[in-house]
Amino acid sequence: RKYSVKLKNKIEVYGFYDYTTGATVQTDRLGYLNTFIYNSLFIRSETGEITDTHGWKDADIITTAQNHGCDVGVTFAFKKTNEDTIFLQNNSSQSTFIREAIELMKFRSGKAINISFKNISPAVKDSFFNFSKRLYQTLKKTDSSYKLLLTIPAITSANYPLSELLTISDRVIIDFSEVSEKYTLNATPLASLSGLKDTLTSFITSGLPKEKIVVCLPYRGVIWEVN
């Protein structure tokens, strides 16, 4: 007699869908996930408006994921480097974004907003905290079951207020996809076991409980030179 244990009953499993790839999704595997996250909708830094919904409003994959028992979340990000600095220094833009982001999430019966501001400047560290706090409080006021996820790049995590993220988010996603993908002389993974351990230790030491941490590993690898 065969027995099986569903992984998602033991830990939380997240899946990230990049709409730009046009990749075919094995829909029968969606049931393995707790949360399906749709990447990404872009923010206009000067105004806080969502510049392009990128299929979010009518993508069939969202309904399919929900039919397989997944909660659905949506990622918001910027197209260009340093746009987050402009946005985080403008309270009016933040208010516009918070209003539009929640409405877009609700439009598809979503349950989570994922903020992916990659490599923010240390100069706006406090501004990032204040913005995240505003968004978190507004989400919970709208519906206490809504979740705020914050994606933090593993390689620049020192630029983020790690010790304070506990109070302004439901989950912190450590993103290892930003590790260098340039040619190297040695074969190397994007995230080595030692690197994973050291990074997780630094997050936990900062005060984040391990129950709030999600590790995000890409399927791709690093290219290296061979003779």
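- Linking ILVMFWY residues whenever their side-chain heavy atoms come closer than 4.5 Å, directly or via other members, places Y17 and I113 in the same cluster.
- R44 and S93 form no side-chain donor-acceptor contact under 3.5 Å, judged by distance and modelled atom types alone.
- The main-chain N or O of L196 is never found under 3.5 Å from a side-chain atom of T199 such that the two would form a donor-acceptor pair.
- Nearest heavy atom pair, residue K125 against residue N159, reads CG-O, 3.4 Å.
- Of all non-hydrogen atoms in P161 and F128, the two that sit nearest each other are CD-CD2, 3.9 Å.
- The shortest distance between side-chain heavy atoms of N39 and Y19 does not fall below 4.5 Å.
- Q94 places a side-chain N or O within donor-acceptor distance of the main-chain N or O of L88, the cut-off being under 3.5 Å.
- Y160 places a side-chain N or O within 3.5 Å of a backbone atom of N119 that can act as its donor or acceptor partner.
- Under a cut-off of 6.0 angstrom, the local environment of CG in D28 is crowded, with over 12 non-hydrogen atoms contributed by other residues, nucleotides or ligands.
- Pairing each heavy atom of F16 with each of C216, the nearest pair is CE1-SG, 4.0 Å.
- Between the side chain of E100 and the backbone N or O of E49, no donor-acceptor pair lies under 3.5 Å.
- The two residues G195 and F176 have their closest heavy-atom pair at O-CE2, 4.5 Å.
- Checked against ring-ring contact (aromatic ring centres under 6.0 Å, His included), F78 has the following partners two or more places apart in sequence or in another chain: F87, F117.
- By the ring-ring contact (aromatic ring centres under 6.0 Å, His included) test, F42 pairs with H54, sequence neighbours left out.
- A salt bridge links K140 and D170; the closest N-O separation between the charged side-chain nitrogens and carboxylate oxygens is under 4.0 Å.
- By the 4.0 Å N-to-carboxylate-O rule, E103 lies close enough to K106 to be salt-bridged with it.
- In terms of hydrophobic clustering, with Ile, Leu, Val, Met, Phe, Trp and Tyr side chains grouped at heavy-atom distances under 4.5 Å, Y136 and L149 are assigned to different clusters.
- I204 and I173 are members of different hydrophobic clusters when ILVMFWY side chains are connected at heavy-atom separations under 4.5 Å.
- Both F97 and I120 are assigned to one and the same hydrophobic cluster, defined by single-linkage of ILVMFWY side chains at heavy-atom distances under 4.5 Å.
- A distance-only check finds a donor-acceptor pair linking the side chain of E83 to the backbone of K80 [under 3.5 Å].
- Under the 4.5 Å side-chain contact rule for hydrophobic residues, Y38 and I102 share a cluster.
- Side chain to side chain, D71 and T35 fail the donor-acceptor criterion of an N or O pair below 3.5 Å.
- Here the shortest heavy-atom pairing between I168 and L148 reads O-CD2, 3.2 Å.
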Using the rule given for side-chain hydrogen bond (donor to acceptor under 3.5 Å, both in side chains), can you reason through R99 versus T138, listing the C-alpha separation, both sets of side-chain angles and the distance that settles it, and then say yes or no? CA-CA 9 Å; R99 182 178 66 254; T138 306; over 6 Å; no
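- Side chain of Q66 to main chain of R108: a donor-acceptor pair is present (N/O by atom type, distance under 3.5 Å, no hydrogens or angles).
- No side-chain donor-acceptor contact under 3.5 Å links T151 and D175.
- Of all non-hydrogen atoms in K147 and L139, the two that sit nearest each other are O-CD1, 3.8 Å.
- The closest side-chain heavy-atom distance from K57 to L104 is below 4.5 Å.
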